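Below is a structure I'd like to ask you about.
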Amino acid sequence: MRLSRYFLPILRETPKEAEIVSHRLMLRAGMIRQETAGIYAWLPLGHRVLTKICNIIREEQNRAGAVELLMPTIQPAELWRESGRYDDYGKEMLRIEDRHERDMLYGPTNEEMITEIFRGSVRSYKDLPLNLYHIQWKFRDEVRPRFGVMRSREFLMKDAYSFDLDAEGARHSYNQMFAAYLRTFARMGLKAIPMRADTGPIGGNLSHEFIILATTGESEVYCHKDFLGYEAPPQDVAFDDRAVMQGLFDHWTGRYAATSEMHDEAAWAAVPEAERVTARGIEVGHIFYFGTKYSDPMKAVVNGPDGKEVAVQMGSYGIGPSRLAAAIIEASHDESGIIWPDAVAPFHVGLANLKAGDVATDAACADLYAKLGKAGLDVLYDDRDERPGAKFATLDLIGLPWQVIVGPKGLAEGKIELKNRRSGERESLSPDEVVNKLTAR
RNA sequence: CGGGGCAUAGCGCAGUCCGGUAGCGCAUCUGCUUUGGGAGCAGAGGGUCGCAGGUUCAAAUCCUGCUGCCCCGACCA
């Protein structure tokens with residue numbers, strides 16, 4: 001992409017409403033724009049990141065056996081009256097009336113709807129287990145939205161729903177999602193720690209929050225330092241093996257880890273002082289097992305092997321991609337701007353032509369742009385007629401992992417510069433060496 | 001939902017107390033000079049001063065009402 005033909009409205013100054021670093025950087029880097037309180041437009045750079053995050057989530061959900069579909073944002077109130085939550089949910093739910101004066105709502109979550117879809121088509125235990133998910137915009141009318149997309153009213157959510165015949169099967173489904181989440185966050189360059197959680201209005205008795213550590217995190221968390229060394233399960237982990245999944249779950253929940261809401265001073269005191277980690281955390285995922293909370297009232301039943309009807313055992317599993325975009329920045333930035341982990345970077349490489357209009361640098365950049373693109377790398381080519389300083393500042397701000405810097409002086413000696421955004425390390429190389437180095441990765 | 005604050009050009013702000021017809025920096029546009037860490041000079045454009053009433057010869061400024069946004073707290077899968 002040529003920057004001269006892209007839409008990257010970067011801000012030199014920080015809008016005054018932005019308090020936390022991710023919000024400031026997202027606004028300054030031209031990723032998002034607030035349209036009203038807690039509601040944001042995703043501009044091209046932000047949209048690219050969001051898409052990459054969603055694709056990683058999608059790959060890992062699919063790998064774990066979940067199946068994607070897409071449910072609407074607007075739901076009929078009738079479904080929620082069935083489960084009893086229409087009155088329970090309170091003012092957080094955005095209620096709408098259509099032209100026929102029917103009560104509708106903008107979905108804050110989809111348990112009711114997925115249960116309706118399930119019961120409409122599934123009759124036999126032979127169709128189980130089943131795990132359905134979608135990635136869709138949700139709306140919760142927070143009293144006080146804040147921190148940009150970290151706590152917005154409209155937000156993107158991946159929500160998966162598992163259906164099993166019995167509690168053991170549901171437990172396995174839960175463990176599969178648990179493992180998929182560990183892989184998902186690790187792929188985004190995040191250290192996510194599962195912590196036992198309160199089940200809240202979703203209900204049920206087994207629930208974990210996935211918390212990433214960031215100094216600017218919203219809540220205090222306590223965990224054993226062993227977590228920092230744990231490795232996420234490999235790509236080929238046996239998702240269908242119940243024992244393997246349970247072993248993985250046991251390993252990852254064998255040490256103390258809790259958010260302040262669930263903190264247990266007695267258990268914490270039992271952890272040797274040298275092994276305690278107290279830090280700030282951001283919740284990026286939350287999983288629940290809630291049994292028949294919805295399948296009972298909504299009559300989502302299947303015939304078991306014995307011919308008797310039984311309400312299915314359910315669980316739900318959420319990840320907030322829009323919040324993740326901000327959380328990744330909280331966990332990865334410096335004074336100059338964002339530092340994107342490779343997997344979610346909006347572009348892999350920023351190519352800066354320090355003297356646009358110069359025959360030599362123009363030609364060298366055009367050649368590099370073509371070669372890197374042909375090798376499958378996403379390149380943002382800064383071909384604007386701007387001064388070098390402005391280009392460096394822009395590239396640092398938007399945080400692309402690699403910067404390829406082409407200036408007339410270096411080029412006269414056959415050299416260009418390759419800079420790693422994270423380490424700050426710079427190398428002076430020939431254009432071919434740069435292409436080789438970047439494409440060899 | 002309680003408490004506080006703000007609203008003036010795309011962004012950041014001054015001007016409001018003490019009424020006199022709107023300004024600064026950055027950004028934008030034009031020209032020249034510049035070109036390895038947010039350039040210099042010269043010129044230009046851009047504002048129903050959040051909205052609606054009121055007071056006044058005259059309102060960004062004073063009064064009343066409304067709306068929006070932000071912050072603290074409570075709240076928050």
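Excluded from the calculations below are hydrogen atoms, water molecules and symmetry mates; all remaining heavy atoms, backbone and side chain alike, are included. Quick caveat: nothing in here was measured; it's all calculated off a predicted structure. Letters A, B, ... are given to chains in the order of the sequence lines, protein chains preceding strands, and every chain is numbered from 1.
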Span that lies between the C1' atom of B:U8 and that of B:G23, in whole angstrom: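 About 10 Å, rounded to a whole number of Å.
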For a quick check of understanding: with a heavy-atom distance under 4.0 Å over all strands, which category does A:K419 fall into, base, sugar-phosphate or nothing? base
Sub-6.0 Å ring centroid separation between A:F155 and A:W137: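 Distance test on ring centres: not under 6.0 Å, no.
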Using a cut-off of less than 4.0 Å, is there contact between a side-chain N or O of A:T36 and OP1 or OP2 of B:C69?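 The answer is yes; a side-chain N or O of A:T36 sits under 4.0 Å from OP1 or OP2.
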For A:D164, all residues meeting salt bridge (Lys or Arg N to Asp or Glu O under 4.0 Å), sequence neighbours excluded: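 By the salt bridge (Lys or Arg N to Asp or Glu O under 4.0 Å) rule, A:D164 matches no residue at all.
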Hey, mind stepping through A:H348 and A:W402 against ring-ring contact (aromatic ring centres under 6.0 Å, His included) and telling me if it holds? CA-CA 6 Å; A:H348 302 110; A:W402 295 96; over 10 Å; no
Partner residues of A:Y181 under the ring-ring contact (aromatic ring centres under 6.0 Å, His included) criterion, sequence neighbours left out: A:F185, A:F210
Show the numbers, then the answer: is there a side-chain hydrogen bond (donor to acceptor under 3.5 Å, both in side chains) between A:S83 and A:E112? CA-CA 7 Å; A:S83 71; A:E112 282 79 0; 2.6 Å; yes
With nearest nucleotide decided by heavy atoms, which residue, A:E209 or A:I405, maps closer to the 5′ end of RNA chain B?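 Result: A:I405.
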Sort out for me which residue in A:F290, A:Y133, A:Y289, A:F118 forms a ring pair (Phe, Tyr, Trp, His ring centres under 6.0 Å) with A:F163. A:F118
For the residue pair A:F249 and A:H208, is the inter-centroid distance of their aromatic rings smaller than 6.0 Å? yes
Run the ring-ring contact (aromatic ring centres under 6.0 Å, His included) test against A:Y6 and tell me which residues pass, sequence neighbours left out.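 Partners of A:Y6 under the ring-ring contact (aromatic ring centres under 6.0 Å, His included) test: A:F347.
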Residue pair A:Y161, A:T109: steps toward the side-chain contact (heavy atoms from CB on, under 4.5 Å) verdict: CA-CA 11 Å; A:Y161 304 90; A:T109 177; 3.6 Å; yes
Round to a whole Å and report the spacing from CZ of A:R146 to C1' of B:C75. 8 Å
Separation of the C1' atoms in B:U34 and B:C71, to the nearest angstrom: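 Their C1' atoms lie roughly 44 Å apart.
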Just compare B:C11, B:C70, B:U28 and give me whichever is closest to any side-chain atom of A:P15.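 Within the option list, the nearest is B:C11.
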Could you pull out all residues at least two apart from A:R95 that satisfy side chain to side chain donor-acceptor pair (under 3.5 Å)? none
Within a strict 4.5 Å, meaning less than it, do heavy atoms of the A:P76 and A:M113 side chains meet? yes
Check every strand shown and say whether A:D358 touches a base, only sugar-phosphate, or nothing at a heavy-atom separation below 4.0 Å.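 Nothing: the residue A:D358, judged by heavy atoms under 4.0 Å, touches no strand.
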Tell me, for nucleotides 39-47 of chain B in 5' to 3' order, what letter each nucleotide earns: B for a base near a protein heavy atom under 4.0 Å, S for only sugar-phosphate near one, - for neither? B--------
Donor + acceptor pair across side chains of A:E111, A:Y294 (<3.5 Å): no
Compute whether any side-chain donor of one residue and acceptor of the other, for A:R422 and A:S332, lie under 3.5 angstrom apart.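 A pair is found: one side chain offers a donor N or O, the other an acceptor, under 3.5 Å apart.
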Could you tell me whether A:E283 contacts a base, only the sugar-phosphate backbone, or nothing, with contacts defined as non-hydrogen atoms closer than 4.0 Å?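 Result for A:E283 = sugar-phosphate.
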Got a list of side-chain donor-acceptor pairs under 3.5 Å for residues 355-366 of chain A, not counting sequence neighbours?
{"residue": "A:D358", "atom": "OD1", "partner": "A:A360", "partner atom": "N", "Å": "3.0"}
{"residue": "A:D358", "atom": "OD1", "partner": "A:T361", "partner atom": "N", "Å": "3.0"}
{"residue": "A:T361", "atom": "OG1", "partner": "A:N353", "partner atom": "OD1", "Å": "3.0"}
{"residue": "A:T361", "atom": "OG1", "partner": "A:K355", "partner atom": "O", "Å": "2.9"}
{"residue": "A:T361", "atom": "OG1", "partner": "A:D358", "partner atom": "O", "Å": "3.3"}
{"residue": "A:D362", "atom": "OD1", "partner": "A:N353", "partner atom": "ND2", "Å": "2.8"}
{"residue": "A:D362", "atom": "OD1", "partner": "A:G357", "partner atom": "N", "Å": "3.0"}
{"residue": "A:D362", "atom": "OD2", "partner": "A:G357", "partner atom": "N", "Å": "3.2"}

Atom P, compared across B:G53 and B:G46: separation rounded to whole Å: 27 Å
Please report the distance, rounded to the nearest Å, between CG in A:N110 and P in B:A77. 17 Å
Between A:M157 and A:K391, which residue's closest nucleotide on RNA chain B lies nearer the 5′ terminus? A:K391
Scan nucleotides 1-4 of chain B against the protein and return all N/O pairs shorter than 3.5 Å with their distances rounded to 0.1 Å.
none

Extract from the structure each pairing of a protein N or O with an N or O of nucleotides 49-52 of chain B at less than 3.5 Å, listing the distance.
none

Considering only heavy atoms, which members of residues 39-50 of chain A lie under 4.0 Å from some atom of RNA chain B? none
Checking all strands, does A:R426 fall into the base, sugar-phosphate, or nothing category for heavy-atom contacts under 4.0 angstrom?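 Since a base atom lies under 4.0 Å of A:R426, the category is base.
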Determine the contact category for A:P108: base if any of its heavy atoms lies under 4.0 Å from a base atom, sugar-phosphate if only primed atoms, P, OP1 or OP2 are that close, otherwise nothing.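 Since a base atom lies under 4.0 Å of A:P108, the category is base.
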Going by heavy atoms closer than 4.0 Å, what residues in residues 51-72 of chain A are next to RNA chain B? none
Not counting sequence neighbours, which residues clear salt bridge (Lys or Arg N to Asp or Glu O under 4.0 Å) with A:K415? List them please. none
I'd like a table of atom pairs between the protein and nucleotides 5-10 of chain B - only N or O on both sides, under 3.5 Å - with the distance next to each one.
{"residue": "B:C6", "atom": "O2'", "partner": "A:K16", "partner atom": "NZ", "Å": "3.3"}

